[in-house]
Chemist: 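Structure in C-alpha cells, see below.
Nothing here was measured: the structure is a model prediction, and the numbers come from that model.
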Amino acid sequence: MKIFTTITQFLTCIACILAFCPANAQTGSSVKAKFEYHLWPDGAPSSNGITEPEEGNPMFVVKVTDPILTVYVPQNPNGLAVIACPGGSYCQVWQGTEGHNMADWYTAQGVTYAVLKYRLPNGGHYQIPMEDVHRAMAIMKEHKADYPFSKLGIQGCSAGGHLASTAATHYSTETRPDFQILFYPVISFNPEFTHMDTRNALIGNDPSEELVKLYSNELQVKDDAPPAIILSSSDDGLVPVRNSVEYYNALLAHGASVTMLLYPTGGHGWFGNPRFDYREAWLQCLATWLNQQAK
C-alpha cells in the first residue's frame, strides 16, 4: 500500500484519485449532513512518539497525531452506521481512496458512514490505533441524536482491515461492533503469510511470540463474533488471500455468520478503483448484505 512495486499498482492509485474527485463533488446527492470530530481535543491518553507535523494530501496522510472522525449522515437512514478504517500498512492512512471516496455510495444505501483518520503506531505503539477506534465508537454513540442508528459496524481495508478485525475480536461488551466489513485484510501476523510492513509497524521488528499471537486475529475470534463479510482477490500479491481464508474458517468454527467473496483477479487495493472488473458485483453483494444487517 505504501510503495508502488508495479506499474499496475501505480495506475490503480491514479484511478482511485480520479474516482475520489467526483465522489467528493457529489456528496450533496445522498448526504444530509456532515460532522467532524477531533477524537482527543484535550490530548490523547497515550502517545505514539511522533513529534513531527502531519503530512499528506487528500489521498493519504502520515505522522498522524490528531485523529479525526468524519461522519456522513444519509438523507434516508436505514439504522446502520459504519466506521471505515483506511489502509496504509499502519504507516499511512489512505483516507481518500479507502474512505471518503465511498461516502456517497454508503449514504445512498441509507448507511451513516464515518471515516476514521487514526493515529499510527510508529513501530510498536500497538495500543494506539485501537484507542482511536474505541473513542470513535464512543463518539458515534454519544451523538446518536444527530444521526440515529441501531447498529454500529466496523470496516477496514488492508492494514485497516487488521485494525477492523482487531476491533471485532478484541472487545468488551461496550466496544463490540455489531458487524464487520473487511476488504483484502491483513488478519494474521504469522510470518508465513502476513504482510510484514504492517506487522512491523504495529508491534515492532522483534516482537514476542505472545504479541504475535495476540494480534493474529484468526486466533482471537470469540463465540459471539460479529457478523462478517470479507472481500478479497485470489491473486493479491501484497496481502496473501490466506489471511481472509483463515479468518473465514475461524469465524465459521465459532458459529459466526460470515460471507466471503473471493475474486480471481484484482490484486490489492481495489476498494476505490472504478476500473476493477468486479466492482459492480461487489457493490451489489455488499448492498444486499447491508440490507440483511439492517433487518
Chemist: Considering residues, nucleotides and ligands other than Glu209, do more than 12 of their heavy atoms fall under 6.0 Å from its CD?
Modeler: no
Chemist: With distance as the sole test, does Asn122 use its side chain to make a donor-acceptor pair with the main-chain N or O of Asn48 at under 3.5 Å?
Modeler: yes
Chemist: Find out if a path of hydrophobic residues (ILVMFWY) with successive side-chain heavy-atom gaps under 4.5 Å connects Val241 to Phe276.
Modeler: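 Different hydrophobic clusters.
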Chemist: Heavy-atom distance under 4.5 Å between the side chains of Ile154 and Cys85, does that happen here?
Modeler: yes
Chemist: Which heavy atom in Pro226 sits nearest to a heavy atom in Gln180, and how many Å separate them?
Modeler: O-NE2, 3.1 Å
Chemist: Report the C-alpha separation of Ser244 and Tyr184 in whole Å, then their side-chain angles, then the decisive distance to 0.1 Å, and conclude whether the side chain to side chain contact (heavy atoms under 4.5 Å, CB included) test is met.
Modeler: CA-CA 7 Å; Ser244 295; Tyr184 40 88; 5.9 Å; no
Chemist: Is it true that the side chains of Asn217 and Ser165 contain a donor and an acceptor less than 3.5 Å apart?
Modeler: yes
Chemist: Closer than 3.5 angstrom, by distance alone: can the side chain of Glu218 be matched with the main-chain N or O of Tyr248 as a donor-acceptor pair?
Modeler: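 The answer is no, because no donor-acceptor pair under 3.5 Å joins these two groups.
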Chemist: Rounded to the nearest 0.5 Å, what's the gap from CD on Gln109 to CG on Asn291? Could you check?
Modeler: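 Separation between the atoms: 7.0 Å.
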Chemist: For Pro240, does its backbone N or O pair with a side-chain atom of Asn243 as donor and acceptor, under 3.5 Å?
Modeler: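 Checking the backbone N and O of Pro240 against the side chain of Asn243, a donor-acceptor pair under 3.5 Å is found.
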Chemist: Atom NZ of residue position Lys222 - does it have more than 12 heavy atoms of other residues, nucleotides or ligands inside 6.0 Å?
Modeler: yes
Chemist: Look up atom CG in Asp178 and atom CG in Leu80, then write down how far apart they are to the nearest 0.5 Å.
Modeler: 9.0 Å
Chemist: Going by ring pair (Phe, Tyr, Trp, His ring centres under 6.0 Å), name the residues that satisfy it together with Tyr90, two or more places apart in sequence or in a different chain.
Modeler: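 With neighbours one apart ignored, the set is His162.
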Chemist: Is there a side-chain contact between Val221 and Tyr247, using heavy atoms and a 4.5 Å cut-off?
Modeler: yes
Chemist: Measure from the side-chain N and O atoms of Asp132 to the backbone N and O of Arg119, and report whether any donor-acceptor pair falls under 3.5 Å.
Modeler: yes
Chemist: If I take atom CD1 from residue Ile139 and atom CG from residue Leu39, how far apart are they, to the nearest 0.5 angstrom?
Modeler: 4.0 Å
Chemist: Search all heavy atoms of His125 against all heavy atoms of Ser47 and return the closest pair with its distance.
Modeler: CD2-O, 3.3 Å
Chemist: What pairs with Tyr118 under ring pair (Phe, Tyr, Trp, His ring centres under 6.0 Å), at least two apart in sequence or on another chain?
Modeler: none
Chemist: When you measure from the side chain of Tyr113 to the backbone of Thr70, do you find a donor-acceptor pair of N or O atoms at a distance under 3.5 Å?
Modeler: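 Absent.
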Chemist: Determine yes or no for a side-chain-to-main-chain donor-acceptor pair under 3.5 angstrom, with Ser150 supplying the side chain and Gly79 the backbone.
Modeler: yes
Chemist: Do the side chain of Ser188 and the main chain of Thr194 share a donor and acceptor less than 3.5 angstrom apart?
Modeler: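 Pair absent, no side-chain N/O of Ser188 close to backbone of Thr194.
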Chemist: For His268 and His195, run side chain to side chain contact (heavy atoms under 4.5 Å, CB included): C-alpha distance rounded to whole Å, both residues' side-chain angles, the deciding distance at 0.1 Å, then the answer.
Modeler: CA-CA 12 Å; His268 191 78; His195 181 245; over 6 Å; no
Chemist: Locate the shortest heavy-atom distance separating Gly96 from Asn101; write the atom from each residue and the value.
Modeler: O-OD1, 2.8 Å
Chemist: Nearest 0.5 Å please: distance from the OG1 atom of Thr107 over to the CE atom of Met102.
Modeler: 10.0 Å
Chemist: Between Tyr278 and Trp270, is the ring centre distance below 6.0 Å?
Modeler: no
Chemist: Is there a path of hydrophobic side-chain contacts, each under 4.5 Å between heavy atoms of I, L, V, M, F, W or Y residues, that connects Ile229 with Ile187?
Modeler: no
Chemist: Between CE of Met260 and CG of Leu231, what distance do you get to the nearest 0.5 Å?
Modeler: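 Spacing of CE (Met260) from CG (Leu231) equals 10.0 Å.
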Chemist: Consider only side-chain heavy atoms of I, L, V, M, F, W and Y, link residues closer than 4.5 Å, and tell whether Leu202 and Leu120 are in one cluster.
Modeler: yes
Chemist: Are Met196 and Phe193 connected in a single hydrophobic cluster, I mean Ile/Leu/Val/Met/Phe/Trp/Tyr linked by side-chain heavy atoms less than 4.5 Å apart?
Modeler: no
Chemist: If you look at every heavy atom in Ser216 and Asn190, which pair is closest and at what distance?
Modeler: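 Nearest heavy atoms, Ser216 then Asn190: OG-N, 3.7 Å.
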Chemist: So, His100 versus Tyr72: side-chain donor-acceptor pair below 3.5 Å or not?
Modeler: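 The answer is yes; a qualifying pair exists.
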Chemist: Does the side chain of Trp40 reach to within under 4.5 Å of the side chain of Pro45, using non-hydrogen atoms?
Modeler: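 Of all side-chain heavy-atom pairs linking Pro45 with Trp40, at least one is under 4.5 Å.
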Chemist: Aromatic contact between Phe183 and Trp282, with the criterion being ring centroids under 6.0 Å apart: yes or no?
Modeler: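 Centroid distance Phe183-Trp282: below 6.0 Å, so yes.
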Chemist: Kindly indicate whether the side chain of Arg199, heavy atoms from C-beta on, has any atom under 4.5 Å from the side chain of Val186.
Modeler: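 Contact flag for Arg199/Val186 side chains = no.
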Chemist: Would you tell me whether Asp235 and Thr265 have side-chain atoms, one donor and one acceptor, within less than 3.5 Å of each other?
Modeler: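 Note: Asp235 and Thr265 side chains miss the donor-acceptor criterion.
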Chemist: Do Ile230 and Val82 sit in one hydrophobic cluster, given that two such residues count as connected whenever their side-chain heavy atoms are within less than 4.5 Å of each other, even indirectly?
Modeler: no
Chemist: Please identify each residue that fulfils ring pair (Phe, Tyr, Trp, His ring centres under 6.0 Å) with Tyr171, with sequence neighbours left out.
Modeler: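 For Tyr171 there are no ring pair (Phe, Tyr, Trp, His ring centres under 6.0 Å) partners, ignoring immediate neighbours.
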Chemist: Can any side-chain N or O of Glu98 pair as donor or acceptor with the backbone N or O of Gly87 at less than 3.5 Å?
Modeler: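 Confirmed, Glu98 side chain pairs with Gly87 backbone.
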Chemist: Would you check if Pro185 and Val239 make a side-chain contact, meaning some heavy-atom pair closer than 4.5 Å?
Modeler: no
Chemist: Just checking Asn57: does its CG atom have more than 12 heavy atoms from other residues, nucleotides or ligands closer to it than 6.0 angstrom?
Modeler: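 Check passes, neighbour count above 12.
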Chemist: Could you tell me which non-hydrogen atom of Lys141 sits nearest to which non-hydrogen atom of Leu152, and how far apart they are?
Modeler: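 Closest pair (atom of Lys141, atom of Leu152, distance): CE-CD2, 4.1 Å.
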Chemist: Would you say Asn273's side chain and Phe271's backbone share a donor-acceptor pair under 3.5 angstrom?
Modeler: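 Absent.
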Chemist: Over all heavy atoms of both residues, which pair between Ser233 and Gly266 is shortest? Give the atoms and the distance, please.
Modeler: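 Distance-wise, the nearest heavy atoms are OG-CA, 3.7 Å.
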Chemist: What residue pairs, at least two apart or across chains, pass ring pair (Phe, Tyr, Trp, His ring centres under 6.0 Å) with a residue in residues 133-159?
Modeler: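 Listed once each, the pairs are Phe35-Tyr147, Tyr37-His143.
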Chemist: Which residues, ordered by chain and number, are linked to Ile50 in its hydrophobic cluster, where ILVMFWY side chains connect at heavy-atom gaps below 4.5 Å, directly or through other members?
Modeler: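 Grouped by the 4.5 Å side-chain rule, Ile50 forms a cluster of one, so the answer is none.
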Chemist: Going through the distances and angles, do Trp105 and Leu286 end up as a side chain to side chain contact (heavy atoms under 4.5 Å, CB included)?
Modeler: CA-CA 11 Å; Trp105 185 86; Leu286 181 57; 3.9 Å; yes
Chemist: Side chains of Ser158 and Ser89, heavy atoms from C-beta outward: is any pair under 4.5 Å?
Modeler: no
Chemist: Can you measure from CD1 (Ile83) to CD1 (Ile181) and round to the nearest 0.5 angstrom?
Modeler: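 These two atoms lie 11.5 Å from each other.
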Chemist: Going by atom type alone, with no hydrogens or angles, which donor-acceptor pairs under 3.5 Å involve a side-chain atom of residues 58-68 and a protein atom two or more places apart or on another chain?
Modeler:
from  : atom 1 : to    : atom 2 : distance (Å)
Lys63 : NZ     : Glu55 : OE2    : 3.2
Asp66 : OD1    : His38 : ND1    : 3.1
Asp66 : OD2    : His38 : ND1    : 2.9

